[in-house]
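What follows is a short report on a single structure.
Owing to the predicted nature of the structure, the values given are computational and were not obtained by experimental measurement. The basis for the numbers below is simple: all heavy atoms, side chains too, and nothing from hydrogens, waters or symmetry mates. For ligands, and for the atoms within them, numbers begin at 1 and follow the listed sequence.
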Amino acid sequence: MLAFFTPAKGASPNAQEIDTLYKITLYIALVIFVAVEFALGYALLKFRKRKGAVAAQIHGNTRLEVSWTVAAAVILVGLAILTFAKLSSIQNPPNSGSGGAVLGDQNNLIYASNERKLPPDGKALEISVIGRQYIWQFVYPGANEPDGLGAPYSYEEMVVPTDTTVELNISSSDVVHSWWVPELGGKFQAVPGYHNYTWFKVSEPGVFRGQCAFLCGRGHARMITTVKAVPPAQFEAWLAHQKALIAQANHEAQIARAKLSTQTGAGAVENP
Ligand SMILES: [Cu+2]
C-alpha cells in the first residue's frame, strides 16, 4: 500500500538516498496529518452544538501560537539539514567496486566540473545518451578512432556492468527530451547543443524501465528505455559482440553501395 505512494526503491545509491529522503518526509507528514485530523474530529464531536451550551469566546493563545510556529520551523530546519547531509552522496558518484568492469584508457579523458561529478578515483564507464524523436541511442566507449568513429552503440536498451560507476553524458539531436529511469535517479533533460551529466551504480543484475519524461512530439509515449545490468564479464562480451555486429553491417553496406554505384554511377547513389 505504502509502495503506491512512494518512489520506486532505488537500485543505485543516489536513487536510494532520494527514496530515503522522500520516505522520512512522508512519515513526518503522515504523523502530523493524523494528529491534525484526530484533533479536528475530537473538537467537532466534543464541542458540537448542544442545547444550552454557550460557546467560549477565545481571543488567541500566545503560548500555543508560538509553539506551533516554532515546532513547524524546527521540522523544516531538520529536514533541510538532513537533505543537505545527503546531497553530496546524491550528486557525487562513488568509485566502482573491485568486481566492476575493466575500464580502458578512454576513461582517462573524462574530466570533472561543476555539473560533471566523477568518482574519487576518476574511473567511470562513460555512456553517451542521445535523445531523438522517438528513440534513445546509447554510445559506448571503444571507438576505433579518436573522433569516436566505430564506437559501439545500441538503441532503446542500454546494457551496463554491475558494480561499476556509469557516467551518462546526455544530449539530444533534435528537440528537448528527458532521461528518466526512476530506479536509477532523477530526471535529466536532453537538450540539443547542450550536455547534461548524471551517474548511477547498480550492484545487482536487473532490468530497469524508463520513459522520456518531456513531451517531445507525437511519438513521445513510445519513447521508452530499458537499462539492463549484467555482470561485468557478460557486459564486455556483449560490447564486443555489438561492435562486431555493427562492423559487419557497415561492411555489408559498403559492399551494397559499391555494387549500386557500379550499376547506376556514383552520382545517383545517395549518401555515398
Ligand atoms: Cu522524447
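- Separation of the F138 and W179 ring centroids falls under the 6.0 Å cut-off.
- Side-chain contact between P231 and P161: absent, with no pair of heavy atoms (C-beta onward) separated by less than 4.5 Å.
- Donor-acceptor pairing under 3.5 Å is recorded for the side chains of S89 and E17.
- Only one option out of V139, V159, I170, V160 pairs with I127 in a side-chain contact (heavy atoms from CB on, under 4.5 Å); it is V160.
- Ionic pairing of R257 and E252 is not present here: no N-O contact between side-chain nitrogen and carboxylate oxygen is shorter than 4.0 angstrom.
- Near the Cu ion (ligand 1), less than 2.8 Å away, sit the protein N, O or S atoms H177 ND1, C212 SG, C216 SG, M223 SD.
- A donor atom on one side chain and an acceptor atom on the other are found under 3.5 Å apart for Y140 and S154.
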